[in-house]
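The chain is numbered in sequence order, starting from 1.
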Amino acid sequence: MLLQSVNASGAALCVTDGETRVRYVNEAFARLSGYSRAEILGQPVRQFLVSDRVSEYRFRKAVKKIRLGQTHETDLLLTRRNGQRLWAHLDSSPVFDPDGSIRHMVTVLTDITRAKLHEVLQCVVMEALVREQPLDHVMTLLCREIERMAPDAIASVLRVDRDGMLHPLAGPSLPAHYLRSLDGMPSGPSAGSCGTAAFRGEAVLVTDVACDPLWTDYRQQALALGLHACWSVPVHHRDGRVVATFALYFRDCRGPDPLHSQLVAIGTHLCLLAIERDEAHRHIRQMAFYDALTGLPNRSQLLSRASQMLVEMAREQAGLAVLFVDLDRFKQVNDALGHACGDELLRIVAERLRSVVRDSDLVGRLSGDEFVLVLPRCSVSHVAAFLERLRATLSVPARIGDTTMVLSASVGVSLFPRDGSDMTSLLRHADTAMYQAKRVEHGSFSFFSPP
């Protein structure tokens, strides 16, 4: 009667001999492990309780204590027969013979996967965040840990930008070429699981990629990699927008089981935490190093990046030009039209300056209506041609409020290494040249010449 009660109990129970071979298990233990009772009996219990070095250490420690006659409790990460991982709390006690020697060890196992998953995954992510790891690295750690818990799933995280485009953040078990193919993919009503989840703002489960219409344009790539199902869940920012998708791929036509659901629930929460932290860092960096009005590098960032350029140019023995750009009659615009129109004018000028430079060039705003351009690998003739193009771009009429105006700027130029070997000197000399140009005629330019 007692044995029947134990066997019917919901708690998993295992009895081993002094050599830790299994002598009895109940049905709950068999269900927990995924093996039949016949397959378990007579086997070393270690093979059902040890899945990694940490659990190996904890198992040995437990056995040692029990052999000393002590009870012992510990948490172990177990691997079920199907490869799925679960966390169990083990409460083990010795059973003694009349002569005082240990006859059996009795262990009761409780599935604590749900609580432990959150603890373990949060620990992995929080440790990486504290160490200031990049967002893609944090997401990769999260995906790897989830795949360790659920080896039948392949995890990925895609970031969703404000235009609804997808960009891979992590997918450590997916081929690099597949991730590259997803970069810049638009979300939409039929954009696979992830693109559709981002578009709808709700979870999308596709249990058979081969025939689901959501995968019409993407199924060949997925099937070629043996990916037959995909469950994607959107990650919502506090303001309601979708900032990422968290997905599990499967190699069989199937949906998620309860463990997958737990993992995704925790994973999406941690994704949001990491993304919000990344956005906060970007915002702080933006405020610290970029001009709030125009988005251009501010004085601090400009000088820092330009100084790095100078080191590079010195090593290459190449030239570099510094252009000091000052808008003409900006004060009159502010006084006549108001500061809002003045700010709009500065934004227009910033955008036009960006439009005429190369990717290797640098544009920054010093203050007020003063801008600086740094052009590496530039000769005098190249600078002169650039100045003509700049003047033509700036002179295109602009609509500011209810007024159409023609913009102009006076530009001073200094050259490295002729006019200075450091950014401070080059900037000062370009400023001097700008005032020389302004004295001659508004809208003109001047190269620095020593007095």
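Remark: the backbone N or O of Asn298 is not paired with any side-chain donor or acceptor of Arg365 at under 3.5 angstrom. Side chain of Ser304 to backbone of Ser300: no donor-acceptor contact under 3.5 angstrom is found. Judged by distance alone, the side chain of Arg219 and the main-chain N or O of Ala210 form a donor-acceptor pair under 3.5 Å.
Among residues at least two apart or in separate chains, side-chain hydrogen bond (donor to acceptor under 3.5 Å, both in side chains) pairs with a member in residues 347-357 are Glu344-Arg347, Glu351-Arg354. The side-chain hydrogen bond (donor to acceptor under 3.5 Å, both in side chains) contacts involving residues 145-165 comprise Asp52-Arg148, Glu145-Arg148, Glu147-Ser173, Asp152-Arg254, Asp152-His260, Arg159-Asp278, Asp161-His167, where partners must be two or more places apart or lie in separate chains. Listed by first then second residue, pairs satisfying side-chain hydrogen bond (donor to acceptor under 3.5 Å, both in side chains) with a partner in residues 229-239 read His237-Asp239, His237-Glu279, Arg238-Glu276, Asp239-Arg241, not counting sequence neighbours. Sorted by first and then second residue, the pairs that involve residues 382-440 and meet ring-ring contact (aromatic ring centres under 6.0 Å, His included), not counting sequence neighbours, are His429-Phe448.
For the residue pair Asp111 / Thr113, a side-chain donor-acceptor distance below 3.5 Å is found, with atom types taken as modelled. Ser92 and Glu73 share no donor-acceptor pair across their side chains, judged by distance under 3.5 Å alone. Side chain to side chain, Ser190 and Trp215 fail the donor-acceptor criterion of an N or O pair below 3.5 Å.
Between atom CD1 of residue Ile275 and atom CG of residue Leu270 there is a gap of 11.0 Å, rounded to the nearest 0.5 Å.
In plain terms, the two heavy atoms of Arg399 and Ile348 that are nearest each other are O-CD1, 4.3 Å. Residue Leu362 comes nearest to Met309 through the heavy atom pair CB-CE, 3.7 Å, listed as atom of the first residue, atom of the second, then distance. For Leu426 against Asp419, the heavy-atom pair with the smallest separation is CD2-C, 3.9 Å. Between Thr74 and His72, the closest heavy-atom pair is CB-NE2, 3.9 Å.
Ion pairing between Glu388 and Arg391 holds under the 4.0 Å rule for side-chain N and carboxylate O. A salt bridge links Asp328 and Lys438; the closest N-O separation between the charged side-chain nitrogens and carboxylate oxygens is under 4.0 Å. Under a 4.0 Å N-O distance rule, the pair Glu312/Arg377 qualifies as a salt bridge. Using a cutoff of 4.0 Å between basic side-chain nitrogens and carboxylate oxygens, Arg428 and Asp431 are not scored as salt-bridged.
Residue-environment remark: CZ (Arg60) stays at or below the threshold of 12 foreign heavy atoms within 6.0 Å. Within a 6.0 Å radius of CD in Glu132, other residues, nucleotides and ligands contribute more than 12 heavy atoms.
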Under 3.5 Å donor-acceptor pairs involving side-chain atoms of residues 194-204, not counting sequence neighbours:
| residue | atom | partner | partner atom | Å |
| --- | --- | --- | --- | --- |
| Thr196 | OG1 | Ala191 | N | 3.0 |
| Thr196 | OG1 | Gly192 | O | 2.5 |

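Remark: Ser414 engages no residue in a side-chain hydrogen bond (donor to acceptor under 3.5 Å, both in side chains) (not counting sequence neighbours).
Side-chain contact check for Cys378 versus Leu320: every heavy-atom pair is 4.5 Å or farther apart. For the pair Leu387/Val411, a side-chain contact is recorded, criterion being any heavy-atom separation below 4.5 Å from C-beta on.
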May I have the step-by-step check of side-chain hydrogen bond (donor to acceptor under 3.5 Å, both in side chains) for His89 and Asp75, ending in yes or no?
CA-CA 4 Å; His89 178 74; Asp75 296 339; 2.9 Å; yes
Give the intermediate values and the outcome of salt bridge (Lys or Arg N to Asp or Glu O under 4.0 Å) for residues Asp183 and Arg180.
CA-CA 5 Å; Asp183 195 15; Arg180 284 195 299 270; over 6 Å; no
